[in-house]
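First the structure, in the form of structure tokens, and then the observations on it.
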Amino acid sequence: MSPTDGNVTFDLYFNKTKFKGIYQTWRTIREEALIQRREVYIWVEAHVGNSSCSSPRRSVVLKDIVKYDAPQNISMSWSKNSLSLIWEAPEKHPALAEVWFRRDGHPAESWEKIFTKTNTVTAHSLEKIQTSHCTTRKKTGTSEYQVTVENLSQHSAHWVQIRQRSTQVKDPLWSHWSPVVIVPAELAHEPEVNVATKRLNGTREVTLTWKLMSHAAAAAAGVTYRLEDTQSSLGCPCVRTEKRRQHLKTNNFTIYVSYSPVDISVIARNAAGCSPSATVHVPADPTADLKTCDKTVDNKSSKKTCKQWYELQDGGLKPDRVITLESKKKQVREQERKSVALLQDYVGYLYFEHMCDVGKPRTVKTCLYYQKEGAPRREPQDITVFGQTHNSANLSWKAITSEDQRGFLTHYSLCSVKMGSRDEMRECHNISASLRKYSLENLTPGTKYNISLAVVTRAGAGPAARVTINTLQEKHMNVWLSLGLLIGFFFTSTMCTVVLKRIQNKIFPPVPTPVIPDFSPNHRGQEMLEGKEEVDELILLQLHPERKTVPQEAEETTTLRGEWDAGSDEDVENESEGDSRMSEGSGDESPGSTDQEQKSSRVKKLTDLEQVESEIAMLIYRNGLVFDLKTDSP
């Protein structure tokens with residue numbers, strides 16, 4: 001007979017008390033029906049058809065020997081370096097628990113263990129997230145045990161096993177060990193999210209990407225990511241359904257939103273809990289040519305569209321001051337009408353009108369909305385004058401706040417009045433509403449002006465800010481100063497040129513060019529030949545080789561003037577022959593020529609030789625260049 005056979009029935013006996021018709025291998029009996037704290041006999045009979053069998057009888061004392069079942073469905077959560085473990089309690093009284101643990105991925109490490117008394121708490125479950133934060137939902141009518149293991153690294157994954165024992169009986173027994181539970185690392189930081197936005201015909205495509213969590217955090221069941229956005233939560237224009245609650249295991253997601261501002265939150269979750277929420281703000285993206293709303297805009301609900309009014313503030317919108325009107329739910333229409341009634345006069349709103357197009361929100365209208373306009377109640381702030389000249393001046397100012405504007409700003413009105421003249425003419429200019437600076441031109445030199453600046457809306461102009469401008473006296477140009485500057489410039493440029501020229505000569509000295517004058521001693525010889533000289537007595541002197549005249553030394557050394565030397569030799573020979581002929585011709589003359597004539601002839605010859613020597617010396621040394629003049633020896 002098999003106890004698991006479907007046709008087997010059991011009867012449970014407590015002494016004479018019989019619990020029959022049991023089809024399972026266990027039975028839960030109310031405490032009031034049991035005999036406690038004294039010895040009883042327990043046995044079981046099994047029946048199949050006409051056959052039956054009985055188990056041995058066992059003597060026990062209830063409440064003295066108790067053995068709990070092994071802990072099941074263990075949940076965990078981190079709090080810094082402390083790990084909290086929670087499971088369903090078998091009874092309301094606290095129990096004793098033994099916890100074994102070691103780091104994941106380190107099988108060589110030995111198990112560490114602690115003994116601790118459990119705390120009885122209400123049910124703790126992480127199965128359902130109701131908001132953008134990782135909160136829990138309590139179950140009623142049940143209790144749970146909780147133990148805390150301290151001094152664990154929340155950055156590592158761990159293996160955990162638990163068994164439990166009663167503290168209320170005389171002889172408690174340890175339960176079996178629970179299955180090994182892998183506790184992932186704590187998700188201490190929010191996901192690092194990057195956003196890319198693309199505008200598509202009334203809709204914006206927002207692509208989110210983020211870094212995956214660490215391997216230790218993804219232990220056991222891994223990490224999932226939860227995405228929510230404020231537009232879906234408001235149901236404008238598309239009603240949020242459970243399908244729009246995104247649970248992802250990837251690190252990217254694309255969502256479509258309207259032109260109104262939206263906050264998108266990303267939360268990571270593992271078996272040990274949730275990370276902090278990473279919230280990405282996507283600001284409003286109205287059209288570039290934003291205009292005031294026309295009369296077609298009203299505060300009545302529509303079945304096809306969703307309307308939103310965002311209160312304007314300096315530098316942007318107030319996300320917490322938004323009024324939404326959509327009629328998808330009848331039970332909230334009256335509440336929405338009351339909200340629309342809260343629209344204030346003289347307060348600016350950025351109006352959006354959306355519709356749901358195939359599950360995607362699309363903005364169909366955007367404009368500036370004033371339920372009622374008025375003139376501004378303050379003047380432009382911090383008006384300042386700067387950069388005055390003899391005929392111009394510059395103005396700067398700060399814009400007034402949205403609360404003081406009280407209407408759609410159309411332009412600024414700037415007026416100027418010349419003081420001191422008989423007819424004080426008032427000149428006014430309209431300045432663009434986007435400007436914060438303006439330049440006044442064509443003013444009279446040395447004149448005082450009163451300037452007023454006011455903000456203008458469609459309802460009229462507000463109070464004006466006033467300031468006084470004094471233009472400078474016109475100055476004529478000093479001619480002498482200009483002339484002095486011109487002369488100084490000319491002198492400076494000349495000196496610079498001279499200095500640069502000297503520096504150039506120092507760095508790159510000029511290469512000297514040898515100058516050789518045309519020297520022809522033949523003309524003098526011809527003159528000597530042509531001249532008629534009478535010589536009474538001719539004395540021929542032989543020059544010794546040891547003593548050479550300068551022309552002879554130059555004749556031996558020169559190479560550049562060879563032709564000139566040859567001509568000189570011919571002249572000397574002709575001169576000698578002429579002297580011989582003259583001596584022969586004069587032989588008939590009287591030998592009574594005086595010594596004075598001979599001396600005069602010698603002096604003339606010496607003078608000619610000295611002149612030749614000086615000219616040859618000029619050839620040897622000219623401008624610092626030495627020429628080696630050589631000739632053959634006689």
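For reference, positions follow the sequence shown, starting with 1. Just so we're clear, the structure is a prediction, and the values are computed from it rather than from any experiment. Computation of the quantities below employed the complete heavy-atom set of this structure, encompassing side-chain atoms and omitting hydrogens, waters and symmetry-equivalent molecules.
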Search all heavy atoms of [X] against all heavy atoms of [Y] and return the closest pair with its distance.
X    : Y    : answer
R466 : S452 : NH1-CB, 3.5 Å
S277 : S265 : OG-CB, 3.4 Å
A216 : S156 : CB-CA, 4.4 Å
L187 : A217 : CD2-CB, 3.6 Å

Are [X] and [Y] close enough that a side-chain donor and a side-chain acceptor fall under 3.5 Å?
X    : Y    : answer
T148 : E150 : no
Q405 : T457 : no
Y256 : R362 : no
S258 : Q231 : yes
W159 : D104 : yes

List the steps, then state whether side-chain contact (heavy atoms from CB on, under 4.5 Å) holds for L350 with L368.
-> CA-CA 5 Å; L350 185 58; L368 290 174; 4.1 Å; yes

Can you confirm whether [X] sits close enough to [Y] that some side-chain heavy atom of one is under 4.5 Å from a side-chain heavy atom of the other?
X    : Y    : answer
S275 : P191 : yes
L83  : M76  : yes
P376 : R406 : no
T444 : Y449 : yes
K92  : T120 : no
N450 : T468 : yes
T292 : Y370 : no
I162 : V160 : yes

Under the 3.5 angstrom rule, does the side chain of [X] hit a backbone N or O of [Y] as a donor-acceptor pair?
X    : Y    : value
W78  : H155 : no
R436 : A433 : yes
E186 : Q154 : no
S493 : F491 : no

Which distance, rounded to the nearest 0.5 Å, do you find between the [atom1] of [X] and the [atom2] of [Y]?
X    : Y    : atom1 : atom2 : result
K360 : E205 : NZ    : CD    : 7.5 Å
D404 : E379 : CG    : CD    : 9.0 Å
L440 : T471 : CG    : OG1   : 11.0 Å
C293 : F408 : SG    : CZ    : 10.0 Å
N251 : K211 : CG    : NZ    : 11.0 Å
T366 : D285 : OG1   : CG    : 9.0 Å

Which of these passes side chain to side chain donor-acceptor pair (under 3.5 Å) with H354: K307, Q308, K365?
-> Q308

Evaluation steps, side-chain hydrogen bond (donor to acceptor under 3.5 Å, both in side chains), between N252 and T209 | CA-CA 4 Å; N252 59 81; T209 57; over 6 Å; no

Heavy-atom count check: over 12 atoms from other residues, nucleotides or ligands less than 6.0 Å from [X] [atom1]?
X    : atom1 : answer
E192 : CD    : no
R377 : CZ    : yes
Q388 : CD    : yes
F386 : CZ    : yes
H215 : NE2   : no
R199 : CZ    : yes

Might you work through the side-chain contact (heavy atoms from CB on, under 4.5 Å) test for T203 and N201, ending with a clear yes or no?
-> CA-CA 6 Å; T203 302; N201 190 25; over 6 Å; no

Could you label the plane-to-plane angle of the [X] and [Y] rings as parallel, tilted or perpendicular, counting under 30° as parallel and over 60° as perpendicular?
X    : Y    : answer
W87  : Y145 : perpendicular
Y369 : W309 : perpendicular
F352 : Y310 : perpendicular
W397 : Y412 : perpendicular

Of the options T279, V282, V280, which is the one that meets D263 in a side chain to side chain contact (heavy atoms under 4.5 Å, CB included)?
-> T279

Take C306 and C356 through the disulfide (SG to SG under 2.5 Å) test and state the conclusion after the steps.
-> CA-CA 9 Å; C306 166; C356 191; over 6 Å; no

Going through the checks in order, is the side-chain contact (heavy atoms from CB on, under 4.5 Å) test met by V262 and I255?
-> CA-CA 11 Å; V262 58; I255 186 173; over 6 Å; no

Residue pairs involving residues 183-207 (criterion ring-ring contact (aromatic ring centres under 6.0 Å, His included); sequence neighbours excluded) =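 Qualifying pairs, neighbours excluded: none.
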
Partner residues of K398 under the salt bridge (Lys or Arg N to Asp or Glu O under 4.0 Å) criterion, sequence neighbours left out | D382

Contacts of type ring-ring contact (aromatic ring centres under 6.0 Å, His included), residue F101, not counting sequence neighbours = none

Could you walk me through whether S79 and S82 pass the side-chain hydrogen bond (donor to acceptor under 3.5 Å, both in side chains) check?
-> CA-CA 5 Å; S79 177; S82 298; 5.9 Å; no

Check the pair L453, I451 against side-chain contact (heavy atoms from CB on, under 4.5 Å), reporting the backbone distance first and the verdict last.
-> CA-CA 7 Å; L453 181 66; I451 306 299; 5.7 Å; no

